[in-house]
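Quick note: numbers below take in every heavy atom, side chains included, and nothing from hydrogens, waters or symmetry partners. Per chain, numbering begins at 1; letters A, B, ... match sequence-line order. Since the model is a prediction, treat every value here as computed from it, not as a measurement.
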There are 2 protein chains.
Amino acid sequence: MGRKQTKSGKIRLTEVAKLAGVSPITASRFFRNPEALSLSKRERVDSAVKELGYVPNLAARALASHRTEVIGVVIPSLTNNVFADVLRGIYDSSEGSRYTIQLANTRYSILQEEKLLRLFRAQKPAGLIVTGINQTAESRAILESMNCPVTQIMEIGDSPVDMMVGFSHYDAASAAISHILEQGRRRIGFLGARMDPRVQRRFEGYRDAMKAASLFDPNLIVTTSVPTTVTLGGTLFADLLAQTPDIDAVFCVNDDLALGVLFECQRRQISIPRDLAIVGFNDLEFTAAAVPSITSVRTNRYEMGRHAVTMVIDAIEGRRPQTPVLDLGFQLVVRESSTRQSTVMAGSVGID
Amino acid sequence: MGRKQTKSGKIRLTEVAKLAGVSPITASRFFRNPEALSLSKRERVDSAVKELGYVPNLAARALASHRTEVIGVVIPSLTNNVFADVLRGIYDSSEGSRYTIQLANTRYSILQEEKLLRLFRAQKPAGLIVTGINQTAESRAILESMNCPVTQIMEIGDSPVDMMVGFSHYDAASAAISHILEQGRRRIGFLGARMDPRVQRRFEGYRDAMKAASLFDPNLIVTTSVPTTVTLGGTLFADLLAQTPDIDAVFCVNDDLALGVLFECQRRQISIPRDLAIVGFNDLEFTAAAVPSITSVRTNRYEMGRHAVTMVIDAIEGRRPQTPVLDLGFQLVVRESSTRQSTVMAGSVGID
DNA sequence: CAATCCGATGGTAGCGCTGTCAATAATTGT
DNA sequence: ACAATTATTGACAGCGCTACCATCGGATTG
């Protein structure tokens, strides 16, 4: 466990090999494929590495091997809590592996996404994790030309580029609407901000569920392309009320909006859930603490991040999963804002 | 703007140089120090690069130059909104520069921090951004041996390792307490979770302000090492009430706790601000939307991230700032939860 | 006008590692 | 016991780029 690197000249693999009494290439194999070494050499190299405090030069490795140990991650937002959880999963499960995470932020711009993917391609990452399934044709072409495992996260669909981990936003929204309908509500408003593809899918789940019940009405819908905030939830709700005063429930595409609605109702003395049911999406922590607590759809974001990394690493190392598409499902968490009793109803969990 | 790299053999700097009719080393200089080239050569290399769609091989560059273009960022949490904002600033201002951000998460563990710093040292980053000023002696030694610009963020203090951007958590907490005292409140509770060094400093600001007013009382304090959640805010507040029923104000070390307190008060029919004043910290977006809106201390997190990157890059490129410590200050944003009128009072903004 | 300097350019020699393939040692079957 | 096979190991030759120094023409100076 020496501290020799501080001493003088840098320790190269050659030095390690010399001390261990093997050739440099054998020492190199010690890192890449230790099983290939005989036990005795393996031990000798191991102790030489420790004694000299050897640290591999990643640049030299990448140059010589034409490979990197970087997993690129492309997400649309750094501020959104949803991605914070996914990222935590990603970083947690990359730790301990040899791979390094390289993060890139598209800010919900598909052009930016194309640019970032092009950039990644130039760096030849070992694997890639991208958000969503709505890449442009150009982005998709880049991904397919990339020649490394790719996992699409956050949602699932047909025709993965390679692998997928996520859940059906459509089904999740449908389940939420079914629940509201079961509570006897009929005029269910829809509040949406920043209508990205996944939010769009939630809208479709809402729309079809409402149509199936013959309750669909365009006047129940208020959306905007503005980014989500709690304040915006209040504003959109005010717009909805002005447009359609007889609503008896609101489905919000995320919990921030739902919290904004809750506050706006407090301001207007609208009693929840007596006068209005509120259902959010994502099941952020505060939904359970709110007064009244807010019904929401729990999504397994941390696990999504973990699985995405595991799948990519497995694929890099030749252990491709049996099924390329992993459905992590969702759970409708029923709380006070939409009923009187608090329960959890399981959603579709399992393999697609 | 060709797409030749797709065609066949990879484009190396040699190819670019050949096409431009210069030596490889001149082409290399085109990227590193374009001013050193004559205008004519510069133009020729430029168009050759574009025609061939040349993309530099970063590994080769790093190997040959003994430098990387990586800025390491060490933060304690990926989930905390506070760091999400800082990170956004960091990524935003690294974009467009030649530098790449490499993120590492300590999960509030100083041992993990040491480990990560050691890892970074092995990679010889061009610069480093670390959170806080309470590194262990070992971590500090690593930082000092790193031989690259280092910026400490989130708070400021004496004896920076190199540079600092932040603000005084002590002063910010003091300002919050002064405000509460000015409202005529005397029994001001303190709620703290995950007492990291910055939260500790806020506590000291609270403690000294209370002592200065001869109002300090240990029974007013409830803290825990558990991570912050909204729910926890309610729990801690319940504990505080049980311990000291006559409180007339609560200072929470962050807005999540404050929101939890607000909800708990709604549950208990405690009227805000009539019966109790609430003040949070960070000025997250929801504080303005809450009912009643929550007084909080605004900190310039996004700007902190931006400045940190700018300072590091400037230092890497030899443009060291005049003063190594940058105080971004704070603003106490007074809202309904602690008074009746809503105003903003500026905190100490300026250079330390 | 020679001496000096400076800006622009190029040649040489690696940076530290791994791919490829050959060489050698150990193991097995009959 | 001997060929055939398999596990280990090593030699060699670069990966694509830049540091270092050398070069060269022209501008500056007394």
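The distance between atom NE2 of B/H66 and atom P of D/dG16, rounded to the nearest whole Å, is 18 Å. In this structure, B/I11 atom CD1 and D/dG16 atom P are separated by 11 Å, rounded to whole Å. As rounded to whole Å, 8 Å separates atom C1' of D/dC17 from atom CZ of B/R61. Atom CG of B/L37 is separated from atom P of D/dT18 by 13 Å (rounded to the nearest Å). One interatomic measurement links the two molecules: NZ of A/K41 to C1' of D/dT9, which rounds to 7 Å at whole-angstrom precision. A straight line from CZ of B/R98 to C1' of D/dT18 spans 12 Å, rounded to a whole angstrom. We find that CZ of B/R12 is positioned 11 Å from C1' of D/dG14, with the value rounded to whole Å.
Taking the six-membered ring for Trp and thresholds of 30 and 60 degrees, B/F31 and B/Y54 have ring planes inclined between 30 and 60 degrees apart.
Legend: salt bridge (charged side-chain N to carboxylate O under 4.0 Å, His left out) pairs involving residues 55-68 of chain A, not counting sequence neighbours, sorted by first then second residue: A/R61-A/E69. Residue pairs meeting the salt bridge (charged side-chain N to carboxylate O under 4.0 Å, His left out) criterion with at least one partner in residues 124-134 of chain A, sequence neighbours excluded, are absent. Sequence neighbours left out, the pairs with a member in residues 22-32 of chain B that pass side chain to side chain donor-acceptor pair (under 3.5 Å) are B/S23-B/T26, B/S28-B/R32.
Applying the side chain to side chain donor-acceptor pair (under 3.5 Å) rule to A/R320 yields the partners A/D162; only residues at least two apart in sequence or on another chain are considered. In this structure, the side chain to side chain donor-acceptor pair (under 3.5 Å) partners of B/D92, at least two apart in sequence or on a different chain, are A/R107, B/Y302. Legend: residues meeting side chain to side chain donor-acceptor pair (under 3.5 Å) with B/E155, ordered by chain and number and at least two apart, are B/R201. Partners of A/Y99 by side chain to side chain donor-acceptor pair (under 3.5 Å), not counting sequence neighbours, listed by chain and number: A/E317. For A/F30, there are no ring pair (Phe, Tyr, Trp, His ring centres under 6.0 Å) partners, not counting sequence neighbours. Among residues two or more places apart in sequence or in another chain, the salt bridge (Lys or Arg N to Asp or Glu O under 4.0 Å) test is passed with A/R140 by A/E144.
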Exercise. Mind running salt bridge (charged side-chain N to carboxylate O under 4.0 Å, His left out) on A/D46 and A/K50 for me, showing each step along the way?
Key: CA-CA 6 Å; A/D46 187 51; A/K50 290 205 174 104; 3.2 Å; yes
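Heavy-atom distances to DNA chain C give each of A/A59 and A/R67 a nearest nucleotide, and the one nearer the 5′ end belongs to A/A59.
In this structure, A/R42 reaches neither bases nor backbone, as no heavy-atom distance under 4.0 Å exists between it and the strands shown.
Note that the first and last nucleotides of DNA chain C, 5' to 3', having any atom under 4.0 angstrom from a heavy atom of chain A are C/dG16 to C/dG19.
Near DNA chain C, defined here as any heavy-atom distance below 4.0 Å, the residues from residues 20-35 of chain A are A/I25, A/S28, A/R32, listed numerically.
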Grab the N/O contacts between the protein and nucleotides 25-28 of chain D below 3.5 Å, and write none if there aren't any.
none

